[in-house]
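Contents: one structure, followed by commentary.
In what follows, residues are counted from 1 in the order of the sequence shown.
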Amino acid sequence: MRDEKPNKGKASAKAASSERPTGVRRADAARMPGSSVHGSLANEIGLRIVRGDYPPGTILPNEAKWSETFDVSRSAVREAIKMLMAKSLLASRPKIGSWVEPKERWNLLDRDVLAWYATSPDREVFLKTVQEFRHIIEPEATAFAAMRRSDEQMAEISQACREMGEAASLQERTRADTRFHLAILRASGNDLLVPLGVLIESAFDHLFTYTTRELDDLQHAQKLHEAIEKCIRLQRPDAARNAVRKLLANTDIVIRSR
């Protein structure tokens, strides 16, 4: 049974407010290259949910209203709603409609939900939350990687670290940085850690967009990454754990300085 009942009192208010506001993006106009109509619509509705336009418990407009608002077919609306239900943002019942689930039920490890969360007004809170999560996971994962990594995995970690230092742009560096940390998670030898890579990846995608890094900061960060690589290569788990903590502490400073 549900912990919260949908707020039926909000239904009429939400229906009234769901008329297309001035300047609203239509789903077909907002569609990204290669994205389907229902995918673009799910992206638009999901973003509105995560940023708080539709609080938990709110009953959403019905299919006909969404179809009118975004000028899309009702079948596209149904598929978009199904996508959001699969991500645990929405639930639905006959004669009630779809409503927003409590935040604690959202699948925050879903790539799309993370992207919406990271671009919401609470972006700073998101980055700090992810950073706390990294403090919990990465030091021990890196220590395990130092003990368990294979030669092939070590080569992958070392190559990513080297490409970070050779990157010609911040985008290239961020991609190499992401590969570095994902390779360490895989080298930890714990299958449950690998799916968490999507959270680490999202953190880097948005952290480096959010922060402005000066050349000196990048050089210092590179040295911290090289220290981690060396500890894993020499199979020194305690030193690897401490090296990661130094890197995370450096990122903490960057976030706080914003």
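With sequence neighbours excluded, the residues forming a side-chain contact (heavy atoms from CB on, under 4.5 Å) with A239 are C231, R236, listed by chain and number. Residues that satisfy the side-chain contact (heavy atoms from CB on, under 4.5 Å) test with E79, not counting sequence neighbours, are H38, K82. With sequence neighbours excluded, the residues that form a side-chain contact (heavy atoms from CB on, under 4.5 Å) with R175 are Q171, R179. Annotation: salt bridge (Lys or Arg N to Asp or Glu O under 4.0 Å) contacts of R233 (sequence neighbours excluded): E229.
Side-chain N or O atoms of W66 include one that pairs as donor or acceptor with a backbone N or O of P61 at under 3.5 Å. Side-chain atoms of T58 do not come within 3.5 Å of backbone N or O of Y54 as any donor-acceptor pair. At least one donor-acceptor pair under 3.5 Å links the side chain of E172 to the backbone N or O of A168. For S188 (side chain) and L185 (main-chain N/O), a donor-acceptor pair under 3.5 Å exists by modelled atom type.
Under a hydrophobic clustering in which Ile, Leu, Val, Met, Phe, Trp and Tyr are joined whenever their side-chain heavy atoms come within less than 4.5 Å, directly or via other members, V50 and M83 fall into different clusters. The same ILVMFWY cluster, assembled from side-chain heavy atoms under 4.5 Å apart, contains both L47 and L60. In the hydrophobic clustering of this structure, I137 does not group with M147; members are Ile, Leu, Val, Met, Phe, Trp, Tyr whose side-chain heavy atoms approach within less than 4.5 Å, directly or through other members. A continuous path of hydrophobic side-chain contacts links I136 to L193 [ILVMFWY only; heavy atoms under 4.5 Å]. F144 and F133 are members of different hydrophobic clusters when ILVMFWY side chains are connected at heavy-atom separations under 4.5 Å.
The closest side-chain donor-acceptor pair between R148 and Q153, if any, does not fall under 3.5 angstrom.
Side-chain contact between R93 and W99 is present, with at least one heavy-atom pair separated by less than 4.5 Å. Residues P139 and R245 form a side-chain contact, since some pair of their non-hydrogen atoms from C-beta on lies under 4.5 Å apart. Taking 4.5 Å as the limit, some side-chain heavy atom of L218 sits within range of a side-chain heavy atom of L170.
A pairwise comparison of heavy atoms in S75 and S73 identifies OG-OG, 3.0 Å as the closest pair. Taking each heavy atom of L84 and A42 in turn, the nearest pair found is CD2-O, 3.6 Å. In terms of heavy-atom proximity, L90 sits nearest to V100 at CD2-CA, 3.9 Å.
Around atom CD of E152, no more than 12 heavy atoms belonging to other residues, nucleotides or ligands sit under 6.0 Å away.
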Inset, instruction - Dump the intermediate steps for side-chain contact (heavy atoms from CB on, under 4.5 Å) on E44 and F70, then the final yes or no. - result: CA-CA 10 Å; E44 182 67 29; F70 289 101; 3.6 Å; yes
Legend entry - CA sep, side-chain torsions, deciding dist, call: L89, W116, side-chain contact (heavy atoms from CB on, under 4.5 Å): CA-CA 12 Å; L89 267 67; W116 300 330; 3.9 Å; yes
Inset, instruction - Using the side-chain contact (heavy atoms from CB on, under 4.5 Å) rule, take R74 and S67 through it: C-alpha gap first, then chi angles, then the decisive distance, then the call. - result: CA-CA 6 Å; R74 293 180 65 165; S67 179; 3.9 Å; yes
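The pair E156-R186 counts as a salt bridge, with a side-chain nitrogen and a carboxylate oxygen less than 4.0 angstrom apart. The residues K230 and E226 are annotated as not salt-bridged, no charged nitrogen and carboxylate oxygen being separated by less than 4.0 angstrom.
Applying the side chain to side chain donor-acceptor pair (under 3.5 Å) test to residues at least two apart or on different chains, the pairs with a partner in residues 133-143 are Q131-R134, R134-E138, H135-D252, E138-H181, E140-R241.
V244 shares a hydrophobic cluster with M154, I157, M164, F180, I184, L224, I228, I232, L247, L248; the chain of contacts runs through ILVMFWY side chains whose heavy atoms sit under 4.5 Å apart.
Of the candidates Q222, E166, E163, R173 forms a side-chain contact (heavy atoms from CB on, under 4.5 Å) with just one, namely Q222.
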